[in-house]
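So the structure is just underneath, and the comments pick up after that.
Letters go in sequence order (proteins before strands), and every chain restarts at 1. The structure displayed is predicted, hence computed values, not measured ones. Values below: every heavy atom of this structure, side chains too, minus hydrogens, waters and symmetry copies.
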Amino acid sequence: MEFIRRLYYFRRIKLAGGRGGNAMENNPEKTTGSTDFIREIVARDRAVGKNGGRVATRFPPEPNGYLHIGHAKSICLNFGIAAENPGGVCHLRFDDTNPAKEEEEYVRSILEDVRWLGFDPAEHVYYASDYFERLYGYAEELIRAGKAYVCDLSREEIRAHRGTLTEPGQESPWRNRPAGESLDLFRRMRAGEFADGARVLRAKIDMASPNLNLRDPTIYRIRRQTHHRTGERWCIYPMYDFAHCLSDAIERITHSICTLEFENNRPLYDWFLEQLAVSPRPRQIEFARLNLSHTVLSKRKLLELVEKGTVAGWDDPRMPTLAGMRRRGYTPEAIRGFCETIGVAKRDSVVDLALLEHCLRDDLNRRVRRVMAVLNPLKVTIENYPEGKVEYLEAVNNPEDPAAGIRTIPFTRDLYIERDDFRMEPPKKFFRLGPGREVRLKHAYFIKCERAVTDPATGEVTELRCTYDPATRSGGAADGRKVKGTLHWVSAEHSAPAEVRLYDTLFSDPAPGTGGRTLEESLNPASLEVISGGRIEPSLAEARPGDHFQFLRIGYFTADPESRPGRPVFNRTVPLRDTWAKIERKQ
RNA sequence: UGCCCGGUGGUGUAAUGGUAACACAUCGGCCUUUGGAGCCGAGUUUCGAGGUUCGAGUCCUCGCCGGGCAGCCA
């Protein structure tokens, strides 16, 4: 059997003229590196000269909330495809067809966030509301062609006529009214002659369609509401299905990429374009939206968190919004790297938050300066170090990046170390300080703990009396003896106080709001811990909002926008991987 | 239960009829002036049943499971 398999196998290779080497020749569109089914469609279309080889995508947010990491996936996809194809372009289009939910502030933030992420729409910023007049014209055209009609049914009646998932709908009694009458009524709708909700314009398709979207969908409604751009000019507004495909066509979009829940809308998308004979015709392609563990990514739920005051605002560092992540200390590079890593497919999935954090650390590790900060200080006195003496020791800024250079840090008799780095009775595998133990102070000397001073009332350790070995400066011992631990520290006199905000996931539940729990019940009660007694090394006093650092042995931090000279505030972006915590957990 | 779309390790994504791979996570080891980073290694995978084929994750049929759709939201 095996030899037969081999025979055919090798014959195929022979016919193909070789194995691996021909993959590229046979498949010119197959590129190396990361690709996905959408990029393959785009490449194929280009290869056959569709759209004249042009590639135009669009990112079309409704300005009714802040952009979040899920939007980043779409932005990276759409702008990415445009950038990868010669002459490609990606439009940023505000899908502002529902004035009830949209605001100027959201337009502002979206523009800011797209640019921050690293994509520049340049002059290609558009608004669906700019097309209102043209869309209105298309609607009249549809009416004249007998493909749309004004319907006087109430909202409830329309719903009742729609039928169900298993039963066909019934036609509206207004469905066959003369086109001239519909046209007159539609013009009067525009003119403001009717009350909100009194009439709608509907596409005349098929009330028995198994696809409910095709059962004479509403395409215009009367809504007296100030629009953030058109003001009071209009009192009728087009619906998504009508406006979106035509906006794409107007902008000569070639590939209209959206999320899976619009799959059933595609036939409608195509229907309007076909009826109105617009050309060239954009193609809608759907992909799975991003879901992240320990996170919610629906605008409705995020709005709720903001409005209920669960978080401090859209840019709360615990929010998955781009504004929140930026404030948390995420970099555009990390987010883009993440979007590339997760790929694009049609399968519903939930990405592990750990992957996002990996991408974050991966970026920060390469680029960020190491500094020393003590979050929970414990005083250390070096008994054999002269009072008043100061030595400036050299410290490497980033071992991953020699170009980052070095700085000096002051060493003195009185220091602070992390309280967690001392144990009166060190457990097994605890490599840090304890009575009689010796450790290295990073960039400085070996110190030995001679005794711990405790508060007789509480038993709390208040100070460590230590000695140092002058022969271990720069970290090595002349006699070759080793120490197992290396601690971070700051000079008591030279360090500055700082507020440090330790952020964790907003939800402790991997799938918030599911499994019988409400969103509230899924919250992480420890998502924010504010530390006011932190001490930072002198160089950190100059930190400017948005600067990124690694606090040695602790994690990555960024200076908050609220940070002021003399009153620095740092946000923990993500902790360092902590092997000791893992060991301790198992013990 | 009508229509549409999906189902590949714990998670995500590849494999385009020809040896199921990469990343994260997990576990172990090495290294280390960060218990960081890095390096090496391990385990676990094609929803099920038939069919086509020399050969099926891939094509066909029937199931099963998951998601979407009954806004004058997008």
Item to check | Whole angstrom value for the distance that separates C1' of B:G12 from CG of A:Asp352 | outcome: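 Interatomic distance, CG of A:Asp352 to C1' of B:G12: 9 Å.
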Item to check | Distance, rounded to the nearest Å, where A:Leu355 contributes CG and B:U13 contributes P | outcome: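 My rounded result for the distance is 11 Å.
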Checklist entry - Under 3.5 Å, is there an N or O donor on one side and an acceptor on the other linking the side chain of A:Arg577 and the base of B:G35? => result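 There is none.
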Checklist entry - If you pin A:Gly163 and A:Asn211 to their nearest nucleotides in RNA chain B, which one's is more 5'? => result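 That would be A:Asn211.
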Next on the checklist: Please classify the nucleic acid contact of A:Glu400 as base, sugar-phosphate, or nothing, using heavy-atom distances under 4.0 Å.
Outcome noted: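 The residue A:Glu400 makes base contact.
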Next on the checklist: Any base atoms under 4.0 Å from A:Gly169, or only sugar-phosphate, or nothing? Heavy atoms, all strands.
Outcome noted: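 No contact.
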Checklist entry - Which atom names give the shortest non-hydrogen contact between A:Phe338 and A:Leu356, and what distance separates them? => result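 For A:Phe338 versus A:Leu356, the nearest heavy atoms are CD1-CA, 3.6 Å.
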Under 4.0 Å: is that the gap between some side-chain N or O of [X] and OP1 or OP2 of [N]?
X: A:Arg223; N: B:C73; value: yes
X: A:Arg162; N: B:G71; value: yes
X: A:Thr97; N: B:A74; value: yes

Item to check | Between B:G48 and B:U11 - P atom distance, rounded Å | outcome: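 That atom pair is separated by 15 Å.
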Item to check | Integer angstrom distance from the C1' of B:U58 to that of B:A14 | outcome: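 That atom pair is separated by 13 Å.
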Opposite nucleotide pairing with [N], Watson-Crick or G-U, both atom distances under 3.5 Å:
N: B:C73; answer: none
N: B:U13; answer: B:A21
N: B:U58; answer: none
N: B:G6; answer: B:C65

Next on the checklist: Tell me whether the rings of A:Tyr468 and A:Phe411 are parallel (<30°), tilted (30 to 60°) or perpendicular (>60°).
Outcome noted: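 Correct class here is tilted.
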Choose from [options] the nucleotide whose nearest atom is closest to any side-chain atom of [X].
X: A:Leu165; options: B:G35, B:C69, B:A74; value: B:C69
X: A:Glu263; options: B:A74, B:G35, B:C5; value: B:C5
X: A:Leu212; options: B:G28, B:C69, B:C24; value: B:C69
X: A:Ala345; options: B:A14, B:C72, B:A74; value: B:A14

Checklist entry - Side chains of A:His443 and A:Arg407: is there a donor and an acceptor less than 3.5 Å apart? => result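 Judged by distance alone, the side chains do not pair up.
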Next on the checklist: Taking ring-ring contact (aromatic ring centres under 6.0 Å, His included) as the criterion, tell me which of A:Tyr240, A:Phe242, A:Tyr237 meets it with A:Tyr220.
Outcome noted: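 Exactly one pass, corresponding to A:Phe242.
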